[in-house]
Amino acid sequence: ATALQAGGQRDFTVARQRIQALLEQGRATEAIVALRVQQAALEAAPGATPEARAELGECLGLLGRAYKDLYIAARPQPTEPRQHDLDAARAAYRRGYAERLGDWRRCAVNLMALNAMAARVAGDEAGAAEARALATALIEDAAARDATGLAVWDHANVAESHLACGRSGPAREALVRYLEHPDQTAFGVRSTLHQLQRVWGLCAEERPGSDLLPLLSARLAEGGARALPERGGRPQEPTPLDPREGTLRNLERVFGETTYQPLSWLHDALERARCVVRIGPRRDKGVGTGFLFDGAWLDESYAGRHFVLTNAHVTTHDQALLAGWPKPVPPGRCGVTFLAGVAAEEAVHLKVLRYLWTSAPKDLDATLLEIEAPRDARAAPPLGCDPDANDPSARLNVIGHPSGLPPHVSLHDNELHSVEPPQVFYKTPTAGGSSGSPVFDHDWNLVALHHAADAERGANEGILMSAILDAMRRDEAAIRAALAGPALA
């Protein structure tokens with residue numbers, strides 16, 4: 001391409017191929033200079049022909065890629081997010097998508113991925129919202145064109161769009177369709193693998209990376225009749241295997257829906273267990289479960305105050321509920337006990353200072369308490385978004401005090417059944433005493449408050465934390481008034 005240009009060739013396609021080669025060699029800054037020249041020439045060309053608009057779209061897509069490469073190469077951190085490169089990449093992709101120039105879907109999916117990365121690295125809430133909107137648009141676009149047949153990259157776009165919405169199951173299904181497409185190439189698989197690792201930050205040791213990355217790695221490593229061409233065309237002819245290699249292939253694999261987890265996953269479970277408390281009248285007697293969090297989790301003005309959330313049918317200050325059935329533990333007789341990580345004789349039993357808010361069992365079945373300060377600080381469980389009912393791989397874990405026992409965790413037979421706001425239903429096993437237990441997603445983010453079993457569905461039932469938090473914030477005045485009142489005797 002350089003030789004052609006030196007000989008006077010001014011064709012835009014030749015210039016674009018040279019720029020692509022520069023990017024493949026990691027020469028992003030040099031490519032940006034050439035792209036800006038290319039962009040200016042295209043915008044100055046008389047008449048906006050379809051060909052010129054398509055070439056401008058290609059130029060913007062490559063410009064976005066060049067700045068994206070610079071952004072990722074800098075390994076952005078929350079304290080130094082490389083905002084200029086990120087903004088320049090997003091601006092190029094955003095224009096290509098907004099004006100439907102060239103392969104605008106490629107611009108859309110890259111803009112979505114960069115927004116998701118910015119949300120993860122720098123807490124960019126506007127970027128997160130734009131990523132979700134783009135994901136929805138791309139999924140709807142692919143669904144509308146499904147009858148006419150989708151191109152190979154459409155399936156990759158759909159997979160990334162489901163990732164942006166936190167749906168690992170549908171993302172995996174789209175990725176399988178992508179890998180099985182007849183036009184798939186080794187170049188395409190490598191590109192997608194790099195995108196998921198470098199932009200989405202996935203790793204093979206943790207979900208959703210453990211669900212997705214091995215599919216791509218295995219596809220690249222496959223031999224035989226399904227070997228991938230580099231840039232299209234017919235697959236390579238199968239290469240005879242060494243007999244010893246044939247006996248060593250596929251010694252290990254994952255069968256079924258579940259897979260192994262990294263040790264850090266268990267460490268996170270233990271950290272969450274430190275927030276779980278047993279609710280009851282004495283240190284050695286529990287009737288339910290709750291979990292501790294710092295008041296700042298609800299409102300910054302409550303920072304440093306220690307709150308516990310449990311079920312209203314476990315304890316409440318509502319006189320009508322206290323007179324009903326089942327009998328909650330009344331104020332003055334209720335305390336909380338920390339048992340996680342300590343022997344029973346070392347259990348810490350703390351007093352409830354105030355009842356701040358309650359919602360009847362027929363509504364949200366929740367009670368908010370303020371307790372004495374625990375001896376050591378315990379991190380609040382991180383909040384997660386509501387579970388995705390369309391994700392067939394979704395699983396929910398429960399940590400609680402079934403039958404008043406020390407903390408137990410339910411990790412088996414824990415599939416999500418359905419989501420019907422404000423309730424969520426799951427197969428995760430529980431028992432009496434589990435009421436008020438925190439319900440976590442696979443990544444140990446808090447998603448619900450366990451409160452009952454539903455015999456008709458054959459599933460347990462929790463109340464979504466999003467609904468409980470919304471209700472507490474609507475009753476903020478009552479909570480503030482309770483916090484300003486006297487402590488229980």
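All of these numbers come straight from a predicted model, not from anything done at the bench.
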Near Gln25 CD, under 6.0 Å, is it more than 12 heavy atoms from other residues, nucleotides or ligands?
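More than 12 heavy atoms, drawn from other residues, nucleotides or ligands, come within 6.0 Å of this atom.
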Should we count CZ of Arg172 as having more than 12 external heavy atoms under 6.0 Å?
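Counting other residues, nucleotides and ligands, CZ of Arg172 stays at 12 neighbours or fewer.
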Just wondering, do [Y] and [X] contact through their side chains at under 4.5 Å, heavy atoms?
X      : Y      : answer
Leu215 : Val176 : yes
Met117 : Trp200 : no
Asn157 : Asp141 : no
Leu193 : Leu196 : no
Tyr426 : Arg395 : no
Val439 : Val424 : no
Arg106 : Glu58  : yes
Trp265 : Glu206 : no

Hey, what's the ring geometry for [X] with [Y], parallel, tilted or perpendicular (30° and 60° as the breaks)?
X      : Y      : answer
Phe293 : Phe307 : perpendicular
Tyr178 : Trp153 : tilted
His155 : His181 : tilted

Show your reasoning for whether side-chain contact (heavy atoms from CB on, under 4.5 Å) applies to Thr289 and Ile399.
CA-CA 9 Å; Thr289 304; Ile399 302 178; over 6 Å; no
Side chain of [X], backbone of [Y]: donor and acceptor closer than 3.5 Å?
X      : Y      : result
Asn115 : Leu111 : yes
Asn414 : Leu411 : yes
Lys68  : Leu62  : no
Asp154 : Ala151 : yes
Ser434 : Ser437 : no
Asn445 : Gly384 : no

What's the verdict on salt bridge (Lys or Arg N to Asp or Glu O under 4.0 Å) for Asp443 and Arg207, showing C-alpha distance, side-chain angles and the deciding distance?
CA-CA 8 Å; Asp443 297 317; Arg207 294 185 70 193; over 6 Å; no
Regarding His450 and Asn460, is there a side-chain donor-to-acceptor distance under 3.5 Å anywhere?
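No pair is found: no donor N or O on one side chain lies under 3.5 Å from an acceptor on the other.
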I'd like to know if [X] and [Y] make a salt bridge, using a cut-off of under 4.0 Å between side-chain N and carboxylate O.
X      : Y      : value
Asp470 : Arg474 : no
Asp124 : Arg90  : yes
Arg95  : Glu43  : yes
Arg457 : Glu420 : yes

Hey, mind stepping through Arg65 and Glu24 against salt bridge (Lys or Arg N to Asp or Glu O under 4.0 Å) and telling me if it holds?
CA-CA 11 Å; Arg65 178 189 164 183; Glu24 291 295 329; 3.4 Å; yes
Taking all heavy atoms of [X] and all of [Y], pick out the closest pair and write down the distance.
X      : Y      : result
Gly64  : Ala89  : O-CB, 3.5 Å
Ser435 : Thr310 : O-OG1, 4.3 Å
Pro387 : Val419 : O-CG2, 3.6 Å
His401 : Pro406 : ND1-C, 3.6 Å
Ala116 : Ala131 : N-CB, 4.0 Å
Thr192 : Ala156 : OG1-CB, 4.4 Å

Quick one: pull up [atom1] in [X] and [atom2] in [Y] and give me the separation to the nearest 0.5 Å.
X      : Y      : atom1 : atom2 : answer
Glu456 : Asp454 : CD    : CG    : 6.0 Å
Asp441 : Asp388 : CG    : CG    : 11.5 Å
Trp104 : Leu60  : CH2   : CG    : 15.0 Å
Leu175 : His162 : CG    : NE2   : 11.5 Å
His442 : Ser210 : NE2   : OG    : 6.0 Å
Thr430 : His408 : OG1   : NE2   : 13.0 Å

Would Leu150 and Arg145 count as a side-chain contact (heavy atoms from CB on, under 4.5 Å) here? Give the steps.
CA-CA 7 Å; Leu150 297 176; Arg145 296 183 297 119; 3.9 Å; yes
How far apart are the C-alpha atoms of Arg18 and Glu30, what are their side-chain angles, what is the distance that settles it, and do they pass the salt bridge (Lys or Arg N to Asp or Glu O under 4.0 Å) test?
CA-CA 11 Å; Arg18 176 175 175 273; Glu30 190 176 346; 3.8 Å; yes
NZ or CZ of Arg100 within 45° of Tyr97 ring axis and under 6.0 Å
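Yes; both conditions hold, so Arg100 lies above the ring face of Tyr97.
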side-chain contact (heavy atoms from CB on, under 4.5 Å) assessment of Leu464 paired with Leu449
CA-CA 6 Å; Leu464 292 169; Leu449 179 71; over 6 Å; no
Candidate pair Arg190 and Leu216, rule side-chain contact (heavy atoms from CB on, under 4.5 Å), full reasoning
CA-CA 8 Å; Arg190 277 197 297 270; Leu216 294 159; over 6 Å; no
